[in-house]
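In what follows, residues are counted from 1 in the order of the sequence shown.
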Amino acid sequence: MNAASPARRRDSAATREAILAAAVVEFTEHGYSRAGVRQIAERAGVTAMMINRYFGSKEGLFAQAVDRAFGPQTVVGDDPVGLTDSLARALAERTAPDADRLDPFLLLLRSAADPEAANVVRQGVETHVGARLAGLLGGPEADVRAHLCLALVTGTWLLRSVVGSTALTRIDDERLAALLADMLRPVTREIGTTPAPADRDATAR
């Protein structure tokens, strides 16, 4: 039997990519339970049968979409030096009112409560950002400390970007980053590298 032609292999890869990209959008916007296979297929310009062919099931597609969403770096970088300050700064900047939305967190928020999706989301978090942050932290209980950091990250994002907490939306990014770093440092166990900005009241005096 002749091997598939290069053009056919490219078409197959493009179709798979179109489905996966559409799935990330649908799952992010609607969550696992409300995102329909037909809607994903329509967005990708394929039939629902093609989704089963490439991904086996909706759950299989969701697992791939979670990997795609959580794989790239968003708030957690890759440099262990100055990790606490860089994490706090990135979180403040990425949750600012005018910042682009953080799709991985939206996908988590809208899907994690679904019993079928919860395990997939957990694996995605642990495999990608959780494992990367634990590796950067090192030392005893690195995985626990990493997920405590992520709890602060997720809570800050939720209150500032989704709920729109007045206090958190009004605060200056630099000041918020300093406060976040102070909260993170006991868990990261990293000595501060930059002084925190003075309080506004102290500055006024």
Sequence neighbours left out, what passes side-chain hydrogen bond (donor to acceptor under 3.5 Å, both in side chains) with Thr188? Give chain and number order.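 For Thr188 the side-chain hydrogen bond (donor to acceptor under 3.5 Å, both in side chains) partners, ignoring immediate neighbours, are Thr84.
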
Side-chain heavy atoms nearer than 4.5 Å, only ILVMFWY residues, links allowed to pass through others: does that put [X] and [Y] together?
X: Ile51; Y: Leu20; answer: yes
X: Val125; Y: Val187; answer: no
X: Val25; Y: Ile19; answer: no
X: Phe55; Y: Phe70; answer: yes
X: Val162; Y: Leu152; answer: yes

Would [X] and [Y] pass as an ion pair if we require N to O under 4.0 Å?
X: Arg43; Y: Glu26; answer: yes
X: Asp11; Y: Arg16; answer: no
X: Arg160; Y: Asp173; answer: yes
X: Arg122; Y: Glu126; answer: yes

Could you tell me if the side chain of [Y] sits less than 4.5 Å from the side chain of [X], heavy atoms only?
X: Leu83; Y: Leu133; result: yes
X: Trp157; Y: Val75; result: no
X: Arg110; Y: Tyr32; result: no
X: Ile171; Y: Leu179; result: yes
X: Phe105; Y: Ser161; result: no
X: Arg34; Y: Glu29; result: no
X: Val66; Y: Phe27; result: no
X: Tyr54; Y: Met50; result: yes

Check the surroundings of atom CG in Asp79: do more than 12 heavy atoms from other residues, nucleotides or ligands lie under 6.0 Å from it?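 Yes.
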
Decide if atom CD of Gln73 counts as having more than 12 heavy atoms of other residues, nucleotides or ligands within a radius under 6.0 Å.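 More than 12 within 6.0 Å, yes.
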
Could you check whether any side-chain N or O of [X] sits under 3.5 Å from a backbone N or O of [Y], counting only pairs where one atom can act as donor and the other as acceptor?
X: Thr127; Y: Gly124; result: no
X: Thr154; Y: Ala151; result: no
X: Arg145; Y: Pro140; result: yes

So Ser111 and Phe62, side-chain contact (heavy atoms from CB on, under 4.5 Å) or not? Walk me through it. CA-CA 10 Å; Ser111 298; Phe62 181 66; 3.7 Å; yes

